[in-house]
Structures are given as C-alpha cells and as structure tokens.
Amino acid sequence: MIEKKIAIAVAETVAEVCGQTVDHRDIILQKTRKDVEGDLTLVVFPFVKAFRQSPEQVAGILGKALLEKVDDVEHYTVVKGFLNLILADRYWSGFLYNAVDQSAVEKETTQHQDRDSGHRQERDPAQHQETGPGKHQDHDPARHPVIVEYSSPNTNKPLHLGHVRNNLLGYSVACLLEAAGKKVIRANLVNDRGIHICKSMLAWLKYGKGVTPETSGKKGDKLVGDFYVKFESELRKQAGEIMEGKGVSEEEARNGAPLMQEARDLLRRWEQRDPGVVEVWKKMNGWVYEGFDATYKRMGVRFDKMYYESDTYLTGREIVLEGLRDGALYQREDGSVWADLGRYKMDGKLLLRADGTSVYMTQDIGTAQLRYEEFAPGQMIYVVGNEQDHHFKVLKLILQLLGKPYADNIHHLSYGMVELPDGRMKSREGTVVDADDLMDEMVATARRTTEELGKTHDFSEEDKEALYHTIGMGALKYFILRVDPRKNMLFNPEESIDINGNTGPFIQYSYARICSVLRKAGEPRLQEAFRMDESIRMNKKEKQLLKTLYDYDQVLAEAASEMSPAKMANYMYEVAREFNQFYHDHSILNEPDRSTSNFRLSLSQLTAHVIKTGMALLGIEVPVRM
RNA sequence: GGUUCCGUAGCUCAGCUGGAUAGAGCAACAGCCUUCUAAGCUGUGGGUCCUUGGUUCGAAUCCAAGCGGAAUCACCA
C-alpha cells in the first residue's frame with residue numbers, strides 16, 4: 001500500500017522538521033482531481049500550524065521529502081495548500097500485471113465459459129459465492145456467519161415491484177459481504193399464516209369450484225392472489241350493504257360482515273389444527289411456493305435457509321411465556337402479555353393476545369432465537385422496508401429486555417419505498433406492478449432493441465433468449481440497485497428499460513466489446529500480453545482507466561461495510577465509461593507498437609474482469625456478445 | 001402532536017468519515033462510423049446544493065432552528 005508508505009513518510013517528516021508526532025493513520029491521502037496533474041493529493045492545511053510557514057512552503061517541504069523517502073513518488077506539484085503527488089508509471093503497470101496475473105486469464109472471450117480451471121475461484125468473489133458453506137472453516141466468519149434475511153413474502157399474493165427491490169438488495173448485499181470475506185447465509189422468512197391467507201382460502205372454498213393451477217393454467221401464486229382479490233371484492237359488497245342499512249362506519253361494517261367472520265373462524269380452526277383446514281392451507285401454500293420459486297429463479301436470487309412463520313411463532317410464544325415467568329414481561333388482567341418499554345419512553349408492546357394467539361412481533365422473536373441456536377451468527381441482517389423501522393427498533397429492545405445475547409447483533413437494513421410516477425403503489429387502486437409482468441416487459445424490450453440493432457443474426461434461438469434475459473434483467477437490476485438503498489426511489493417504467501447512458505446494458509455492452517477484442521486477439525497473443533513490461537509509458541486515458549480499476553478493492557470494502565450495492569453499481573458505471581473513452585481514443589489490436597498493444601490488451605483484460613466480478617456482486621450477468 | 005428518514009440541474013440520481021472550479025445520465029441542441037461492436041464518443045446550454053444561523057483556515061458535507069415531503073407511533077403483517 002503506497003498510501004500507507006506515504007503517510008508514514010509524511011509523519012516522519014513532520015516529526016523531523018517540527019518535532020511533533022503525528023499518527024500516520026490520521027494522515028489522509030485523497031485521489032487527485034481529474035483536472036489536475038497528479039495521482040494522490042495531500043491536503044497540507046492541517047500541518048501549517050506546526051511548520052509555521054505558508055501552506056505552499058509546507059507542501060514544498062513535504063513534497064521534497066517524499067521524493068527522497070518513497071521510491072514510487074516520482075514528481076510533485078503544489079497548488080495552493082494541495083500537494084499533488086505523481087507516481088511512477090511502473091507503480092501502476094506493476095499493479096496491472098499483478099492484478100491480471102491474480103485474476104487469472106479471462107476465458108470468456110468465447111461462448112464457452114465453463115472450462116475454467118478451479119484455481120481462480122479463490123480470488124474471484126463472483127465464483128466464491130457459488131461454493132457455499134464449508135469455506136473458511138478455521139476462521140471466525142464461519143463460526144459466526146452473517147444471516148441476511150430478505151424477500152419475506154406473504155403467501156396470499158404474488159410478488160410485486162416492492163419485493164423486487166427487496167430481493168435484489170438482499171441478494172446483492174449478501175454477495176458483497178461474501179466478497180468481503182464473510183460467511184453468509186441467505187434466509188427467507190415466509191409469512192405463511194394469518195388472516196390474509198385465510199381470506200384467500202375462504203374465497204377459493206366458496207367460489208373456486210376446485211380450480212387448481214393445472215386446470216386453470218395459471219401460476220400458483222397468481223391463482224391464490226386472485227382469490228384474495230375476490231375475497232376483498234365480495235367483502236366490499238357485503239360491507240356496502242351493511243353500511244347502507246345500518247349507517248355504521250366502513251371499518252365496523254367490514255368487521256361485522258359474515259365473510260369476515262367466516263375468515264376469522266377459518267383462522268381459529270387453523271390454529272386448532274383442524275385437519276380439513278390444514279389440508280387446504282398446505283395445498284394452496286404449495287401452489288404459491290411453486291409460483292414464487294419460478295419468480296425467484298428468473299430473478300436470479302436464491303436462499304440457503306427457509307423459515308416459515310407457522311413454525312417460528314411457536315418458538316416465539318415459548319420465549320414470551322418464559323419472559324413472563326422471569327418477570328421480564330408482564331400480564332394484564334385480560335391475560336394478554338406485554339413488554340414494558342417505559343424506560344425507553346415508548347408505549348408497551350403486546351406480545352400475546354388475551355386468547356393466547358401471537359402477533360407479528362412474537363414470531364420475529366422466535367425466528368431470531370432459532371437463528372441464534374442454529375448458526376450463532378455474528379450479525380443478523382433484516383432487509384425490510386423503512387416502514388418497519390419502528391418494528392425493528394422495538395424488536396431489538398424487547399430482545400434486550402429478555403436478556404438475549406444476540407439482541408445487539410440485529411441490524412435492520414432499512415430501504416426506501418418504490419414509488420411510481422403517479423405516486424405510491426396501492427393494491428386497492430390496482431397500481432401494483434407485478435414482478436413477473438415487469439420482468440416480461442424488460443425482456444421483451446431487450447428483445448425488440450436487440451433485434452433492431454441486428455447484431456445477433458448468427459445466434460442460436462437458445463442463445464438469443466438467454467441474451468434477452470440477461471439484458472432485460474441487467475437493465476432492471478441496475479436501475480434499482482444504483483440508487484442508495486435508504487432513499488425512496490422513483491420507478492419510471494420508461495426510464496427503467498432505457499439502455500443508453502447510465503444503465504445496466506451500457507455496462508454489459510462495454511463488457512461485450514472488450515470480449516470482442518480479446519476474442520480477436522486470440523489465446524497465444526493474450527498469453528504474450530501478460531508479461532510485465534517495465535518500459536511502458538502510459539497515456540492519459542490508459543492511466544485514468546487503470547487508476548479507476550485500482551479502486552476496486554476500496555469500493556468493494558465500502559460497499560460491503562455500508563451494505564450499499566449502489567456504491568458498487570455507480571463504480572461499475574465509472575469503469576465502463578472510462579473504458580469506452582479509452583477504447584474510443586486508442587486502438588488496441590491495430591496499434592503498431594507491439595508492447596503498447598500488449599499493454600492495452602492487459603488493461604482491457606483487467607477491465608473485463610473487474611466488470612464481470614463487480615456486476616456479479618449485483619446479481620447481474622454480462623454477455624460476451626450483444 | 002411525538003419520533004425517524006429525506007430535500008443537489010427541467011427530470012432521475014452520484015458526491016456527504018469537512019478540502020481545490022459541485023458531477024453523471026435523461027431531455028434539448030451541435031458534431032464523430034471505409035478503422036478492434038455507434039447499445040459508443042465529443043461538445044454547448046442548464047445550479048440560491050430547501051432557508052437562516054453556528055463551528056472551521058475551509059461547509060453540499062458537521063451542529064441548531066425553521067420550511068417542505070415521506071414513513072411510523074396496531075390486539076395488521
């Protein structure tokens with residue numbers, strides 16, 4: 001790390017000249033602005049007092065000292081209080097050849113990608129994620145893995161745009177953490193019980209006439225969702241009649257409607273394990289899971305561990321009762337059990353109803369316990385929308401109240417809502433964007449655009465379909481992941497399928513172009529190019545691209561620690577843009593000077609590797625041709 | 001009403017652990033394909049970084065207050 005060497009040298013110099021000690025870790029070097037000559041910049045203002053000289057003079061003193069003390073510092077300039085350091089080209093090219101060597105030779109210059117030998121899996125995070133459990137067994141991360149929970153669907157409705165952001169975020173965060181060296185468990189908590197499922201069941205029993213996904217040709221989750229909608233519309237009818245007749249409020253009317261009572265009755269029977277009810281429940285949930293699996297598969301997300309609330313709420317109830325016995329919780333006269341959060345200046349939280357049934361919070365307590373017992377995780381990350389900020393705050397406090405050792409390991413990765421151009425999605429107003437429909441549309445657009453450009457005539461039908469999928473999903477994923485998770489985001493359907501500018505397909509296209517060049521170069525030529533060439537002199541674009549690639553490790557570390565795929569996404573765009581500029585201005589294979597041509601090949605090679613690796617951490621595939 | 005989050009170009013977003021002249025894309029306009037993929041590249045115009053105060057050599061970035069928006073404060077999940 002040259003930054004560290006420089007920082008130490010600066011600290012030494014300050015000590016020598018002023019007799020003051022500075023911790024080298026407090027000396028921060030930043031990247032030099034693009035419009036100024038230099039690679040690294042030291043802001044000297046913090047040292048002027050110690051030197052009792054002008055900023056320019058201080059910069060000069062430090063610059064001269066660094067020239068002597070640090071080999072790769074070749075030259076410096078001083079602009080006001082900024083000391084700009086220029087590193088030797090050999091430093092950058094050294095990085096390049098080392099990185100290319102480490103990442104191993106890209107073999108994706110042809111369509112046959114899977115003949116890689118295994119040695120590169122160690123270093124390629126995108127590969128690493130496929131290796132699953134069992135790695136790092138002797139290290140801390142394995143003993144205390146990170147559990148990332150995401151998706152968390154209800155089983156009464158199909159997945160929609162909100163789930164899409166959740167799934168993409170969760171999956172990507174898991175990948176980023178893995179790439180940063182953690183052992184990660186991807187978990188899904190399925191909300192498979194409750195009144196909402198009973199509504200779908202009731203509607204199916206009453207109006208379904210035994211229809212199944214097979215007989216209707218409908219995806220299971222869609223079919224069940226239809227019955228949920230059917231229930232709601234029938235309920236609205238009943239409630240409407242009651243309101244007119246009795247003049248009661250809408251809520252009262254809904255609650256009093258016969259359908260609602262039937263649904264509640266169904267829930268009670270479910271909790272009592274009525275065999276007939278349980279059978280319908282299992283059957284309909286089964287349909288939903290098949291539907292979800294198809295959607296997940298298409299979306300490219302997966303899970304290592306499934307949790308079902310129908311299991312975890314029981315554990316939750318036990319813990320709550322235990323807490324009651326221990327005196328951590330208290331019971332009211334009606335028999336309901338509560339957590340007193342008065343010491344945190346919050347209202348009490350109900351954990352068990354008077355009739356002994358449990359609520360959402362109860363179930364989350366149980367889930368946390370089960371995870372703790374099975375995995376002893378160092379951290380439990382919950383990818384859940386910011387509408388539940390309060391819920392997770394309370395969950396953490398209750399677990400503390402119960403004296404659970406894992407209470408502090410809970411982290412709510414809170415993300416903002418997805419809004420549509422005309423406001424929030426509202427199921428009642430039918431403005432919900434269905435996940436499957438959305439993917440269909442993205443792929444269809446990718447198909448249309450690709451066919452218009454007509455570069456894929458010689459593709460097989462199979463390859464074409466795969467390509468459309470890759471591009472369509474790339475557009476969707478990048479569009480969603482490039483914005484800071486914390487922020488609400490606007491989903492504009494028209495912009496999301498754009499493929500020019502700051503988009504997923506732009507980055508994919510850059511990758512495909514590189515592959516095209518590498519393919520043309522051929523294997524022997526690539527081998528020749530990987531040899532370190534000390535004499536190389538870089539031009540501006542080459543150096544700019546190389547410096548951008550150099551940042552990868554830093555960006556990965558930040559994206560992982562901040563759990564922000566957006567960091568990686570925006571960096572990917574920067575890499576692609578830098579490459580395109582370089583590619584536009586300089587010829588790679590047609591360059592007459594052999595060593596320059598070789599250098600550019602290596603540079604392209606590393607760019608391709610960085611793009612492929614980084615995009616994989618976003619869950620985005622890159623095509624070798626498009 | 002309390003709490004939390006957000007406010008940057010016409011639009012969508014970067015930049016925020018304090019550093020130089022605040023950046024991209026889209027949209028608009030003007031250029032660049034006999035040369036490795038033009039899904040690309042280059043240029044022009046476009047800013048009260050919500051407001052006011054404070055801290056500092058230096059604030060879009062930190063602090064306080066205000067304004068505007070969102071979420072939440074369920075015996076829903």
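Just so it is clear: chains get the letters A, B, ... in the order the sequence lines come, proteins before strands, and each one is counted from 1.
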Spacing between A:Lys349 atom NZ and B:C73 atom P, to the nearest angstrom: 8 Å

Atom pair distance, as rounded to whole Å: CZ in A:Phe479 and P in B:C26: 13 Å

Salt bridge (charged side-chain N to carboxylate O under 4.0 Å, His left out) partners for A:Arg33, two or more places apart: A:Asp35

5' precedence on RNA chain B between A:Asn488 and A:Asn502 (nearest-nucleotide basis): A:Asn502

Pair A:Phe491 + A:Phe479: ring centers closer than 6.0 Å: yes

Whole-Å gap separating C1' (B:U3) and CD (A:Gln388): 17 Å

Rounded distance (Å) that lies between atom C1' of B:A77 and atom CG of A:Leu267: 13 Å

Salt bridge present between A:Lys567 and A:Asp484 (N-O < 4.0 angstrom): no

Rounded C1' spacing from B:A60 to B:U8 in Å: 7 Å

Identified pairing partner of B:G18, criterion: Watson-Crick or G-U wobble below 3.5 Å: none

Pair assignment for B:C33, Watson-Crick or G-U wobble, requiring both distances under 3.5 Å: none

Ring pair (Phe, Tyr, Trp, His ring centres under 6.0 Å) assessment of A:Phe506 paired with A:Tyr509: CA-CA 5 Å; A:Phe506 169 90; A:Tyr509 175 69; 7.7 Å; no

Spacing of A:Leu490 atom CG relative to B:U8 atom P, expressed in whole Å: 13 Å

Non-neighbouring partners of A:Asp458 that pass salt bridge (charged side-chain N to carboxylate O under 4.0 Å, His left out), sequence neighbours left out: A:Arg625

Separation between the P atoms of B:U42 and B:A20, rounded to whole Å: 24 Å

Pairing partner of B:A59 (Watson-Crick or G-U wobble, both distances under 3.5 Å): none

B:C67 and B:A28, which share atom name P, separated by this distance in whole Å: 40 Å

Rounded P spacing from B:U21 to B:G58 in Å: 14 Å

Span that lies between the C1' atom of B:C5 and that of B:G23, in whole angstrom: 25 Å

Closest-nucleotide ordering on RNA chain B, the 5'-leading residue of A:Arg424 and A:Asn492: A:Asn492

Touch class at under 4.0 angstrom, heavy-atom based, for A:Asp484 against every strand present: sugar-phosphate

Rounded distance (nearest 0.5 Å) linking atom CD1 of A:Ile197 with atom CH2 of A:Trp281: 9.0 Å

Flag if over 12 foreign heavy atoms under 6.0 Å of NZ, A:Lys34: yes

Sugar-phosphate, base or nothing in reach of A:Arg482, heavy atoms under 4.0 Å: base

Matching residue for A:Thr155 among A:Asn285, A:Asn191, A:Asp221 - test: side chain to side chain donor-acceptor pair (under 3.5 Å): A:Asn285

Torsion-based syn/anti label for B:C33, 90° from 0 as limit: syn

Sugar-phosphate only, base, or nothing, as touched by A:Glu309 at under 4.0 Å among non-hydrogen atoms: sugar-phosphate

Distance, C1' atom - from B:G46 to B:A24, rounded to whole angstrom: 14 Å

Pairwise C1' distance, B:U61 and B:C6 [rounded to whole Å]: 15 Å

Pair A:Phe582 + A:Phe579: ring centers closer than 6.0 Å: yes

Watson-Crick or G-U counterpart of B:G68, or none if no pair lies under 3.5 Å: B:C6

Main-chain N/O of A:Ala529 paired to A:Ser602 side chain as donor or acceptor, under 3.5 Å: yes

N/O to N/O distances under 3.5 Å, protein versus nucleotides 17-21 of chain B:
residue: B:A20; atom: O2'; partner: A:Arg33; partner atom: NH1; Å: 3.3
residue: B:A20; atom: N6; partner: A:Thr41; partner atom: OG1; Å: 3.1
residue: B:A20; atom: N6; partner: A:Asn84; partner atom: OD1; Å: 3.0
residue: B:A20; atom: N1; partner: A:Asn84; partner atom: OD1; Å: 3.4

Neighbour count >12 (heavy atoms, 6.0 Å) for atom CD, A:Glu621: no

Please tabulate, for side-chain N and O atoms in residues 411-421 of chain A, each donor-acceptor pair with protein atoms closer than 3.5 Å (sequence neighbours left out).
residue: A:His412; atom: NE2; partner: A:Val384; partner atom: O; Å: 2.8
residue: A:Ser414; atom: OG; partner: A:Asp389; partner atom: OD1; Å: 2.8
residue: A:Tyr415; atom: OH; partner: A:Asn166; partner atom: ND2; Å: 3.1
residue: A:Glu419; atom: OE2; partner: A:Asn488; partner atom: ND2; Å: 3.3

Nucleotide-resolved protein contact map, nucleotides 35-42 of chain B, B/S/- at heavy-atom distance under 4.0 Å: SBBSBBSS

Sugar-phosphate only, base, or nothing, as touched by A:Lys34 at under 4.0 Å among non-hydrogen atoms: nothing

Pair assignment for B:A38, Watson-Crick or G-U wobble, requiring both distances under 3.5 Å: none

Lys/Arg-Asp/Glu bridge criterion (N-O < 4.0 Å) met for A:Arg264, A:Glu271: no

Polar side-chain atom of A:Asn570 near backbone of A:Ala566 as donor-acceptor pair, under 3.5 Å: yes

Rounded C1' spacing from B:A59 to B:G45 in Å: 28 Å

Residues touching RNA chain B, which here means a heavy atom under 4.0 Å, drawn from residues 332-341 of chain A: A:Asp334, A:Trp338

Nucleotide B:U72, atom P - distance to NE2 of A:His390 in whole Å: 12 Å

Phosphate OP1/OP2 of B:A70: any A:Lys487 side-chain N/O under 4.0 Å: no

Partner nucleotide of B:G25 by Watson-Crick or wobble geometry (both distances under 3.5 Å): B:C11

